[in-house]
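To start, the structure under review is shown below, and the notes come after it.
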Amino acid sequence: MSAVNDTKFQPAVFLLTGIPGLENIHVWISIPFFLIYVASILGNSVILFITKTDPALHEPMYIFRSMLAVTDVGLIISTMPTTLGIFWFNSREISHDACFAQLFFIHSLTFTESSVLLCMAFDRFLAMCNPLRYDSILTLPRIAKMGLVSLLRGVVLILPFPILLKQYQYCQANMLSHSYCLYQEVMTMTCSDIRVNIIYGFFITVSSVGLDVLLILFSYVMILKTVLSIASHTERLKALNTCVCHVCIVLLFYMPVIGLSVIYRIVKTSSPLLQTVMGNIYLLIPPLMNPIVYSVKTKHIRARIIRMIIK
């Protein structure tokens with residue numbers, strides 16, 4: 001009898017969802033998704049190629065931007081197979097292990113990207129508030145260590161998630177509301193006590209992403225204070241313009257993350273369509289827009305892209 005009960009509460013797979021209510025036109029919906037995936041991968045790959053091949057761009061600001069491009073490509077690749085599989089082949093089933101692996105990569109790369117954004121804020125803070133020590137502090141070995149710590153931080157913080165989820169039993173209601181696996185949703189599928197997951201998830205969100213946001217905000221308060229002390233209005237605008245790219249990318253990243261967290265933790269009666277839309281914005285828009293923002297607002301990168309096109 002025990003074995004029968006275990007089988008009853010342990011479905012072999014999760015079922016992913018495309019766009020609720022629009023299943024009949026999934027093939028057509030796949031076109032913009034496919035174009036976004038291609039544009040994101042190409043855009044970030046171009047940024048990486050230009051940064052690597054142009055010695056003038058071997059500076060901390062551009063190296064951190066390359067790290068951001070790598071995490072963006074990783075996020076796109078993590079979700080692309082299951083999303084396009086649903087739209088093109090109606091392939092909705094995903095095994096527990098594959099689901100846990102996918103959510104591990106999605107969340108660890110998200111936390112890594114948050115760390116990289118904090119490194120970029122530190123870069124702008126030094127450039128504005130302590131320019132004389134900028135080169136001596138942000139050396140190439142130190143930048144490499146900052147990138148490695150950002151990656152390890154994301155991996156170490158998220159690694160307990162799949163380990164904990166693998167220990168649980170899962171109810172028959174195994175329908176997920178996204179075309180990929182998110183930890184916030186998968187843990188609600190369990191029939192086990194998930195208080196440890198809730199507490200740990202809240203703790204690392206506040207202590208890592210929340211702390212990153214506060215430190216980024218603090219860095220820009222100090223930058224603004226320094227800029228306002230500059231007498232020349234033209235010099236103020238020039239100084240602030242160097243931070244515009246990073247501010248835009250910070251907003252593009254954190255606003256969807258906060259929005260999705262609010263939907264899962266506060267707006268419990270939100271519609272499946274709203275959850276799906278916010279989930280797609282959270283993972284698709286930042287990787288698409290980041291290379292566009294940098295290409296438009298960064299003179300050196302824009303010039304290199306134009307030269308590549310002309311050739």
Side-chain angles (χ1 to χ4, degrees), residues 47-48 50-52 54-72 110-154 157 205-255 257-258 286 289-304:
I47 296 293
L48 288 170
I50 289 174
T51 304
K52 178 176 175 57
D54 191 342
L57 299 181
H58 294 175
E59 298 179 4
M61 179 175 67
Y62 301 109
I63 295 173
F64 286 130
R65 177 62 192 89
S66 297
M67 294 178 187
L68 194 69
V70 171
T71 59
D72 283 340
T110 299
F111 275 60
T112 300
E113 185 155 338
S114 180
S115 299
V116 173
L117 289 173
L118 177 59
C119 292
M120 295 171 74
F122 179 65
D123 168 77
R124 292 299 84 203
F125 169 77
L126 280 180
M128 294 292 183
C129 302
N130 202 348
L132 296 179
R133 298 189 61 195
Y134 180 81
D135 291 331
S136 63
I137 293 176
L138 286 181
T139 60
L140 288 179
R142 191 163 289 160
I143 292 170
K145 290 177 183 177
M146 291 170 70
L148 181 59
V149 168
S150 298
L151 177 60
L152 290 177
R153 181 197 189 201
L157 288 177
T205 299
V206 172
S207 64
S208 57
V209 176
L211 182 61
D212 291 348
V213 172
L214 288 177
L215 291 175
I216 290 172
L217 182 61
F218 173 75
S219 69
Y220 273 99
V221 169
M222 298 303 295
I223 288 171
L224 189 60
K225 180 180 177 181
T226 301
V227 170
L228 291 177
S229 66
I230 300 174
S232 170
H233 179 70
T234 303
E235 290 298 320
R236 287 182 191 175
L237 292 178
K238 183 178 179 181
L240 287 174
N241 189 54
T242 63
C243 300
V244 169
C245 288
H246 184 249
V247 171
C248 291
I249 288 174
V250 166
L251 293 175
L252 283 169
F253 176 77
Y254 285 111
M255 288 178 66
V257 169
I258 293 171
M289 293 304 299
N290 288 349
I292 295 175
V293 169
Y294 259 87
S295 299
V296 171
K297 297 299 296 181
T298 306
K299 181 179 178 181
H300 296 298
I301 293 179
R302 185 171 67 248
R304 278 299 308 273

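- Counting heavy atoms from C-beta outward, Leu224 and Tyr220 have side chains that stay 4.5 Å or more apart.
- Interatomic distance, SG of Cys245 versus CD1 of Ile301, reported as 8.0 Å (0.5 Å rounding).
- Under the 4.5 Å side-chain criterion, counting only non-hydrogen atoms from C-beta, Tyr62 is not in contact with Asp54.
- Rounding to the nearest 0.5 angstrom, the gap separating the CG atom in Leu117 from the OG1 atom in Thr112 is 11.0 Å.
- Ala56 and Glu59 get closest at one heavy-atom pair: O-OE2, 3.5 Å.
- Considering only heavy atoms from C-beta on, Leu140 stays 4.5 Å or farther from His58 through its side chain.
- Under the 4.5 Å side-chain criterion, counting only non-hydrogen atoms from C-beta, Asn130 is not in contact with Phe125.
- Counting only heavy atoms from C-beta outward, the side chains of Tyr254 and Val209 approach each other to under 4.5 Å.
- Annotation for Leu211 and Ser207: closest pair CB-O, 3.3 Å, computed over non-hydrogen atoms.
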**Asked** Between Tyr294 and Ile249, is a side-chain contact (heavy atoms from CB on, under 4.5 Å) present by the stated rule, with each step listed?
**Response** CA-CA 9 Å; Tyr294 259 87; Ile249 288 174; 2.8 Å; yes
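- In terms of modelled atom types and a separation under 3.5 Å, the side chain of Asn290 and the main chain of Pro286 share a donor-acceptor contact.
- Of the possible polar contacts, one joining the Arg153 side chain to the Ser208 backbone as a donor-acceptor pair under 3.5 Å is found.
- Taking CG of Asp212 as the start and OG1 of Thr205 as the end, the distance is 11.0 Å to the nearest 0.5 Å.
- One finds the CG atom of Leu126 at 9.5 Å from the CD1 atom of Ile223 (value rounded to the nearest 0.5 Å).
- A donor-acceptor pair under 3.5 Å is formed between the side chain of Ser136 and the backbone N or O of Arg133.
- Side chain of Ser114 to backbone of Thr110: no donor-acceptor contact under 3.5 angstrom is found.
- In this structure, Thr71 and Glu113 approach most closely via the heavy-atom pair OG1-OE1, 3.3 Å.
- Residues Thr51 and Arg65 form no side-chain contact, since every pair of their non-hydrogen atoms from C-beta on lies 4.5 Å or further apart.
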**Request:** Begin with the C-alpha distance, continue with both residues' side-chain angles, and end with the deciding distance and a verdict on side-chain contact (heavy atoms from CB on, under 4.5 Å) for Leu151 and Met67.
**Result:** CA-CA 10 Å; Leu151 177 60; Met67 294 178 187; over 6 Å; no
**Prompt:** Step by step, would you call Asp123 with Leu138 a side-chain contact (heavy atoms from CB on, under 4.5 Å)?
**Reply:** CA-CA 8 Å; Asp123 168 77; Leu138 286 181; 3.4 Å; yes
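- With contacts defined as side-chain heavy-atom distances shorter than 4.5 Å, the pair Val250/Met120 does not qualify.
- Between Val116 and Leu68 the shortest heavy-atom distance is CG1-N, 4.0 Å.
- The line from CZ of Phe64 to OG of Ser115 is 11.5 Å long, rounded to the nearest 0.5 Å.
- Residues Met128 and Cys243 are in side-chain contact: their nearest non-hydrogen atoms beyond the backbone lie under 4.5 Å apart.
- Put simply, OG on Ser66 and CE on Met61 are 11.0 Å apart, with the number rounded to the nearest 0.5 Å.
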